[in-house]
Amino acid sequence: MLLPTTLLLATLLTPATTRCSWPLPPPHPVVRAFTAPATPFGPGHRGVDLAAPAGTPVLAAADGTVAHAGAVAARTLVSLQHRGPLRTTYEPITPAVTAGSTVRRGEVIGHLQPGHCPAACLHWGARRGHDYVDPLRLLSSGRVRLLPTPPPSTARSP
C-alpha cells in the first residue's frame with residue numbers, strides 16, 4: 001500500500017504547477033468571479049476581483065520576474081512571469097517594483113488604487129501561455145494532506 005501514497009506524494013511535489021498564495025492580506029472577499037471567454041477575443045472576466053481598501057499592499061502570488069510595471073490604457077498594473085508559461089496580473093495598483101526585477105512569493109509589489117469596482121478591489125488575472133485560467137485554482141493551502149489508503153479487503157466473495 002506504499003505505492004499509492006508514494007505516487008500521490010510525487011504528483012503533489014511535481015514542479016509542473018506553480019502554486020500561489022493570496023495577493024492580498026485577509027480577508028479575501030471575491031466580488032466578481034472568473035468567467036472564461038468562449039473564444040480568445042470573446043467576452044468574459046479574465047480574472048477575479050477581490051475587495052480591499054485603497055492603499056492595501058498587493059503581494060506577489062508566487063516567485064517570478066516583473067514583466068511589466070506601469071500604465072496600460074487608463075490603469076496601472078503589475079504583470080509577473082512565473083515558472084513555465086504562467087503569468088499573473090494585478091490591477092489597478094501603484095507599482096512598488098520595476099520591470100526586470102525578481103520578486104518572491106508574498107513580497108509587496110504595489111498598493112491598491114481606488115476605482116476598479118464601485119469600492120476599491122484588485123483584479124487578479126492569470127494566464128498559462130495564451131489561455132486564461134481562474135487564479136483561485138492556483139491557490140495553495142501550504143499544507144500537503146496524505147490520506148491513509150484503506151486496508152485490503154479480507155472478505156472473500158462466495
Side-chain angles (χ1 to χ4, degrees), residues 8-147:
L8 175 61
L9 184 59
T11 301
L12 291 173
L13 297 178
T14 301
T17 303
T18 299
R19 301 306 287 173
C20 295
S21 58
W22 288 96
L24 293 172
H28 310 111
V30 176
V31 293
R32 186 169 176 199
F34 173 82
T35 305
T39 61
F41 300 104
H45 189 242
R46 293 164 172 82
V48 295
D49 292 344
L50 305 171
T56 299
V58 178
L59 314 171
D63 297 350
T65 302
V66 179
H68 180 81
V72 172
R75 283 197 271 231
T76 54
L77 63 89
V78 170
S79 179
L80 302 179
Q81 184 64 51
H82 306 284
R83 178 179 47 185
L86 181 66
R87 182 174 287 209
T88 56
T89 56
Y90 312 78
E91 62 177 287
I93 71 172
T94 302
V97 293
T98 57
S101 58
T102 301
V103 296
R104 304 284 300 166
R105 178 180 180 164
E107 182 179 335
V108 174
I109 59 171
H111 292 84
L112 186 60
Q113 296 174 344
H116 177 66
C117 300
C121 70
L122 175 72
H123 178 81
W124 179 35
R127 212 177 66 202
R128 252 194 227 319
H130 296 291
D131 298 323
Y132 288 92
V133 296
D134 183 349
L136 297 180
R137 296 187 57 97
L138 302 173
L139 291 171
S140 170
S141 68
R143 292 177 283 167
V144 175
R145 292 185 182 158
L146 298 177
L147 300 175

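Along the sequence shown, residues carry numbers from 1. No hydrogens, no waters, no symmetry mates; every other heavy atom, side chains included, goes into these values. None of the values given here were measured: they were computed from a predicted structure.
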For H111, is there any backbone N or O sitting under 3.5 Å from a side-chain donor or acceptor partner on Y90? no

Nearest heavy atoms of P92 and L112, plus distance in Å: O-CD1, 3.5 Å

Can you pull the salt bridge (charged side-chain N to carboxylate O under 4.0 Å, His left out) pairs that have at least one residue in residues 51-68, sequence neighbours excluded? D63-R104

Taking C-beta and beyond as the side chain, do W22 and L50 meet within less than 4.5 Å on heavy atoms? yes

Check whether any side-chain heavy atom of V58 sits under 4.5 Å from a side-chain heavy atom of V78, and report yes or no. no

For H82, which residues count as a side chain to side chain donor-acceptor pair (under 3.5 Å) partner, sequence neighbours excluded? T88

Atom CG of D134 and atom CG of L139: how far apart are they, to the nearest 0.5 Å? 8.5 Å

Side chains of residues 24-37: which donor-acceptor pairs under 3.5 Å do they make with residues two or more places apart or in other chains?
residue, atom, partner, partner atom, Å
H28, NE2, L24, O, 2.9

Nearest-0.5 Å distance that lies between atom CD1 in I109 and atom CG in L80: 4.5 Å

Rounded to the nearest 0.5 angstrom, the NE2-OH distance for H45 and Y132 is 12.0 Å

Side chain to side chain donor-acceptor pair (under 3.5 Å) involving R127 - partner list, sequence neighbours excluded: none

Smallest heavy-atom separation, P135 atom then A126 atom, equals CB-CB, 4.0 Å

Within this structure, what is the CG-CG distance for the pair L122 and D49, rounded to the nearest 0.5 Å? 8.0 Å

To the nearest 0.5 Å, atom NE2 of H123 lies from atom CD of E91 at 5.5 Å

Do any pairs count as a side-chain hydrogen bond (donor to acceptor under 3.5 Å, both in side chains) and have a residue in residues 93-102, sequence neighbours left out, and if so which ones? T94-Q113

Between T76 (side chain) and I93 (backbone), is there a donor-acceptor pair under 3.5 Å? yes

What pairs with E107 under side chain to side chain donor-acceptor pair (under 3.5 Å), at least two apart in sequence or on another chain? none

Minimal non-hydrogen separation, W124 against S21, with atom names: CH2-O, 4.1 Å

Here the pair of heavy atoms bringing A120 nearest to A54 is CB-N, 3.6 Å

Any idea which heavy atoms bring P95 and G70 closest together, and the distance? CG-N, 3.9 Å

Which heavy-atom pair separates A96 from V108 by the least distance, and what is that distance? CB-O, 4.5 Å

For a 4.5 angstrom cut-off between non-hydrogen side-chain atoms, does V103 reach V97? yes

To the nearest 0.5 Å, what is the distance between NE2 on H130 and CZ on R87? 11.0 Å

